[in-house]
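Below, read A as the first sequence line, B as the second, and so on, with proteins coming before strands; counting in each chain starts at 1.
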Amino acid sequence: MKIEQQLAADAAAALKALYGADVEAGSIQLEKTKREFEGHLTLVVFPYLRLSRKKPEETAEEIGRYLMEHSAAVAGYNVIKGFLNLTVAPAAWVALLDDINSDARYGLTEPGEDAPLVMIEYSSPNTNKPLHLGHVRNNLLGWALAQIVEACGNRVVKTNIVNDRGIHICKSMLAWQKYGNGETPESSGKKGDHLIGDYYVAFDQHYRAEVKELTAKYEAEGMAPEAAKERAEKDSPLMQEAHAMLVRWEQNDPEVRALWRKMNEWVYEGFDQTYKALGVGFDKIYYESDTYLEGRKMVLEGLEKGLFYRRDDGSVWADLRSEGLDEKLLLRADGTSVYMTQDIGTAKMRFEDFPIDKMIYVVGNEQNYHFQVLAILLDKLGFEWGKSLVHFSYGMVELPNGKMKSREGTVVDADDLVAEMVRQARETADEAGKFDDMSEEEKDEVARIVGMGALKYFLLKVDARKNMLFNPAESIDFNGNTGPFIQYTYARIRSILRKAADSGIRLPETLPADVELSRKEEEIVQHLADFAAVVRQAGADYSPSAVANYCYALVKEYNQFYHDFSVLREEDEKKKIFRLVLSANVAKIVRLGMGLLGIEMPERM
RNA sequence: GGCGCUGUAGCUCAACUGAAUAGAGCAUCUGACUACGGAUCAGAAGGUUUUGGGUUUGAAUCCCAACAGCGUCACCA
């Protein structure tokens, strides 16, 4: 990176000297030279033809000649059409590697005391069922994003808004009361979230049976099928009971609240286990049961200020038609809150708790419209970060046989998934005889790291905003663009370094300047140096996948080169040291990069 | 229907703010095992970047239109 900056500045000076043009060094783009041409960095001269008023070849030639004479870093150049390929002096690469080597956290920026404060909301589960594959993508993206944003020098607060109230929880509670026989996580041996989820399913089953029965009855009485079904859904005693329970909840009925608290506790314990397995966590958790009333207050205040309006039935609305959107309900006629109201209340509480500069919501793309509206509303209500809130919108995870649908039982449960990935990792390693000299604990630990690495990398390498396909069979592949392949390369390098240390080789802090590097080695140094730019770009674009794909490309490049010969048996001492340092830094950068994604690296596997 | 997102090899995915012959992996075929760790490496084959226009020295990328897929348009959360 330093080399690129230097050359960009030199190129700017060249343009000034040759054509008298003032071009900012920052605007000059140097690209990596394509493999089939000679050189390391390429300046595309087309944009400067209007300055030189000469043919592309001539312009490139002039700039090349100038740089050759005036820039220490340029050791040669060649021109092909409008492309000026520059060859960087070997010593510059060695110096660059020294530079990378001297910084254990190369590419990462420590946030200062007064760095911008970024709050990232992710996960945001409902408390009526366990987490599934879609939540896993959310959690991994949220965690990775937080790491990356922090590595770009921001202070980060990770937050979770738990949707702990509403009709869906009442359904689980009611079913537990009716069909549960007092079952608890302890008595049943089930994880709390799974237990509650089972009762949610039970509710749905009984409810649908009721509806079916009622529909048939109404049809027999002569109603049209559709009308009969609609009526049945309304009349269902079970649903009416659930609604009644919600009303009691809102009225703070002690009995309902006690049950609600107890069952939510079970769920939280279950979630905590899942979060722990996924390696994610939060700095501050909010509950909608605390924030929804706050939201109502905000809306009523807005109403007084004339930001919103009340309809005849008493409901409160925001008119966003001047913004190109529609009208949006904020409070129901009965005064209760809707989803949007809660988000407003949550925003207020957050702003009171933290001096937020920027807010990022990690939420699925089915809510794009919601966040478009929320940004406008928060802005109207006077939140400084409202207008510029970021909805980190990610796509759905699809399965080979289509979408996940809870009704059709095609949901992939998060806990099952994690267990299965780890089991597969263990099995594959056992078959390959990888674990022969390890203790059971070591085996378990490595299998956990590798299984989770496979899962995380699989979900994170894909551009977040796209829908993606999760194929269980492929996700545990250990070759190609996968987490385990990267982990494996890391473990191998660590093994080499251990052997080097055992044989008494000590790595110097500064490399001898006169090592001869092959083109490929120079490229790896260049690739390593890119890490800083990749992290910065990933932070600006909110793009964990960029980091993932970078790591893979680096590892692949390293493997290709170092497969054929032995670092440790290299006879030229300088070369050997150089290669060890280069390898050590590949391992370091890969660990840093994967670390940003929440993926651990095993020392052995 | 309105709005939004997506469309790249058989499949899953890349391609930084427009740049040279659009890259990987899987699957298929062919090679390399006295291996610093073979959970590897090399090679072959595979493309009119959905289609049609436009802007540009240059377009997968930007603009317009069509087609296809998905999402959303709840007094659900």
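Between rC64(B) and rG4(B), the two P atoms lie 10 Å apart (nearest whole Å). Taking atom C1' on both rG7(B) and rA60(B), the two are 11 Å apart, rounded to the nearest angstrom. Annotation: rU51(B) and rG47(B) have their C1' atoms spaced 16 Å apart (nearest Å). Here, rU49(B) and rA68(B) have their C1' atoms 16 Å apart, quoted to the whole Å. Going from the P atom of rA65(B) to that of rC70(B) covers 22 Å, rounded to whole Å. As rounded to the nearest Å, rC26(B) and rA44(B) have P atoms that lie 16 Å from one another.
No aromatic stack links F83(A) and the base of rA19(B), using centre distance under 5.5 Å and interplanar angle under 30°.
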- Query: Passes side-chain hydrogen bond (donor to acceptor under 3.5 Å, both in side chains), E24(A) versus S27(A)? Steps please.
  - Reply: CA-CA 5 Å; E24(A) 268 189 53; S27(A) 71; over 6 Å; no

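Using a 4.5 Å heavy-atom threshold, the side chains of L331(A) and L300(A) count as touching. Looking at heavy atoms from C-beta onward, T33(A) lies out of side-chain contact with F83(A) at the 4.5 angstrom threshold. I28(A) is listed as a side-chain neighbour of Y48(A), based on a closest heavy-atom distance under 4.5 Å.
Using a 4.0 Å heavy-atom criterion, one finds that R569(A) contacts the sugar-phosphate atoms exclusively. If you check every strand for non-hydrogen atoms under 4.0 Å, T336(A) touches nothing.
Residue order along RNA chain B, read from the 5' end via each residue's closest nucleotide, puts Q372(A) first among V555(A) and Q372(A).
S518(A) and E521(A) are linked by a side-chain donor-acceptor pair at a separation below 3.5 angstrom, with hydrogens and angles left out of the test. In this model, a donor atom of one side chain and an acceptor atom of the other lie less than 3.5 Å apart for D164(A) and S289(A). Between the side chains of E327(A) and Y309(A), at least one donor-acceptor pair of N or O atoms lies under 3.5 Å. Using a 3.5 Å distance cut-off with no hydrogens or angles, the side chains of N264(A) and T127(A) do pair a donor with an acceptor. Using modelled atom types, one finds no donor on one side chain facing an acceptor on the other under 3.5 Å when comparing E233(A) with Y207(A). Using modelled atom types and a 3.5 Å distance limit, the side chains of R332(A) and T336(A) yield a donor-acceptor pair. There is no side-chain donor-acceptor pair under 3.5 Å between Q537(A) and Y550(A).
Here S495(A) reaches the OP1 or OP2 of rG37(B): one of its side-chain N or O atoms lies under 4.0 Å away. The phosphate of rC13(B) has neither OP1 nor OP2 within less than 4.0 Å of any side-chain N or O from K461(A).
Out of rC36(B), rA19(B), rU17(B), the shortest distance to the side chain of Q29(A) is found at rU17(B). Of all nucleotides listed (rG37(B), rA20(B), rC13(B)), rG37(B) comes nearest to the side chain of R498(A). In the set rG37(B), rC41(B), rC13(B), the nucleotide with an atom closest to the side chain of V462(A) is rC13(B). For F46(A), counting side-chain heavy atoms from C-beta on, the closest listed nucleotide (rA39(B), rU57(B), rC16(B)) is rU57(B). Of the listed nucleotides (rA39(B), rU12(B), rC36(B)), rU12(B) has the atom at the smallest distance from the side chain of L469(A).
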- Query: Reading nucleotides 70-75 of chain B 5' to 3', which nucleotides get B (base under 4.0 Å from a protein heavy atom), which S (sugar-phosphate only), which -?
  - Reply: SSS--B

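Protein atom CD1 of I577(A) is 14 Å distant from nucleotide atom C1' of rC36(B), rounded to whole Å. Whole-Å rounding puts the Y457(A) OH to rC13(B) P distance at 14 Å.
Taking the six-membered ring wherever Trp is involved, the centroid distance between the rings of Y287(A) and Y268(A) falls below 6.0 Å.
A donor-acceptor contact under 3.5 Å is not formed by the side chain of T42(A) with the base of rA19(B). A donor-acceptor contact under 3.5 Å is formed by the side chain of N85(A) with the base of rA20(B).
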Under-3.5 Å N/O pairs linking protein and nucleotides 6-10 of chain B:
{"unit_1": "rU6(B)", "atom_1": "OP1", "unit_2": "R465(A)", "atom_2": "NH1", "d": "3.0"}
{"unit_1": "rG7(B)", "atom_1": "OP1", "unit_2": "K466(A)", "atom_2": "NZ", "d": "3.4"}

Set out, line by line, the N/O atom pairs under 3.5 Å between protein and nucleotides 21-28 of chain B.
{"unit_1": "rA24(B)", "atom_1": "O2'", "unit_2": "Y552(A)", "atom_2": "OH", "d": "3.0"}
{"unit_1": "rG25(B)", "atom_1": "OP1", "unit_2": "K556(A)", "atom_2": "NZ", "d": "2.9"}

